[in-house]
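Because the structure is predicted, anything quoted here is derived from the model rather than measured. By convention in this document, chain letters (A, B, ...) are assigned in the order of the sequence lines, proteins followed by strands, and residues within each chain are numbered from 1.
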Protein chains: 2
Amino acid sequence: MRRQVDGRKLRGEKRRGEIIEATLRVIERDGVAGVTHRTVAKEAGVPTTSTTYHFAGLNDLLIATLMECARDMATEVYWMIDRARSRGSRGAEEVANLLAEALGPRRGRTMAEYELYLLAARRPELRTAARRWLDVLTSMVRHDDEVAFRVFLAGIDGLLIQGLIDDEPPTAEELRPVVDYLLKPR
Amino acid sequence: MRRQVDGRKLRGEKRRGEIIEATLRVIERDGVAGVTHRTVAKEAGVPTTSTTYHFAGLNDLLIATLMECARDMATEVYWMIDRARSRGSRGAEEVANLLAEALGPRRGRTMAEYELYLLAARRPELRTAARRWLDVLTSMVRHDDEVAFRVFLAGIDGLLIQGLIDDEPPTAEELRPVVDYLLKPR
DNA sequence: AGACTACCTGAACGATCGTCCCAATAACCG
DNA sequence: CGGTTATTGGGACGATCGTTCAGGTAGTCT
């Protein structure tokens, strides 16, 4: 039974985490295409070979980044649903605000998430991670609403993607009627 | 007034078109990341320098490919709407079938379209081309249904993207209830 | 203290990249 | 027919890529 952890491993895993965060920043700025050992290392402020030491290859670095990203997405959208529910009929307003935020100040992050999403489409080993936030949300909802909830999630994805190619990001007010209609029960 | 076109330019534009088609095939197979002068040239069966002659750079090649792709998408979805309308209440079935087809046999093409979509998010000069099919469809619909139609288009996009990260593509039967709910009037 | 091990890093390798250069070809114009 | 021009294609340049390697540093263990 080891009571004292290896200080070296602690620093190593800390640096590993910093590299992942730097990778995410690079993807937000330049896209997945801009991710190389050297750009990530420069962003993280570490030597080039450090990224090859902590990750078997560039592929593993992207996988680890998607894992981290998926975890963030899941907890974030979890709290979004929670807040929207607690506000009752004002839920639509809350959703519209969050969409406008994702397409405005957090636009880079949203692009990064969908790029990793498409990366998962080509690499089966990434799919469970990419699906995680969908699964988390689906498990939160009543089973008799399953179809309505799937439509809701699909609508959110579609609004975000279409909002990404707008010349200027849509405001919460513009999004509001669409979200209202999307949430309106049949 | 020139009545006789230059035969050289005709062959040149034909080859230019072949390069664009080859680029689209490369994107379907390996993604935008796999697009280089050399891979495209090999796919098209032309020497490497031919792609740099007909396009000012790799960037222009991707732009031209997105243009072509957007044109195809617009006409394709135009006929989808047309067919769905002519079938009246069976429209939902038609839409579900087309979604299943886009996620099954035409999965590579669907991935390529969304990759180019995200590319447009980063390059403003591509946005009008990427938005073309949205605009074409929006102009087809009655103005009092605008919100409902936007929700419909967003739902289609969301279902396609989510279907791309499924381990096995959803069937038309699985898609059917969701599409039904999506088309159900409020 | 000495052996051990995990972490760190500068240098370098071969491969591939975008792009340029220039000669060759062939269709068009006068 | 000679001159012009658009297209073709082989070769090469410098830059950058992923990855390897060998040596150096510093915590941990006996």
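Annotation for A:Leu99 and A:Leu175: closest pair CB-CD2, 3.9 Å, computed over non-hydrogen atoms.
Here D:dG18 presents its C1' atom at 13 Å from CG of A:Asp60, a figure rounded to the nearest Å. Distance, A:Glu13 CD to C:dC8 C1': 16 Å, rounded to whole Å. We find that NZ of A:Lys14 is positioned 15 Å from P of C:dC7, with the value rounded to whole Å. In this structure, the CZ atom of A:Phe55 is 12 Å from the P atom of C:dC7, given to the nearest Å. A:Arg11 has its CZ atom 9 Å from the P atom of D:dA26, to the nearest Å.
The shortest distance between the side-chain N/O atoms of B:Tyr53 and the OP1/OP2 oxygens of D:dT8 is not below 4.0 Å. The phosphate of C:dT9 (OP1 or OP2) has a side-chain N or O of A:Arg15 nearer than 4.0 angstrom. For B:His54, no side-chain nitrogen or oxygen approaches OP1 or OP2 of D:dA6 to under 4.0 Å.
A salt bridge between A:Asp180 and A:Lys184 is absent, with no side-chain N of the basic residue lying under 4.0 Å from a carboxylate O of the acidic one. Between A:Arg25 and A:Glu28 there is no salt bridge, since no side-chain N of the basic residue sits under 4.0 Å from a carboxylate O of the acidic one. Electrostatic pairing of A:Arg107 and A:Asp166 does not count as a salt bridge here, judged by no charged N lying under 4.0 Å from a carboxylate O.
Interatomic distance, A:Leu119 CG to A:Tyr114 OH, rounded to the nearest 0.5 Å: 15.5 Å.
Heavy atoms of other residues, nucleotides or ligands lying less than 6.0 angstrom from CD of B:Glu125 number more than 12.
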Per-nucleotide protein contact string for nucleotides 10-17 of chain D, where B marks a base within reach and S marks sugar-phosphate only (heavy atoms under 4.0 Å, - for neither): BBB----B
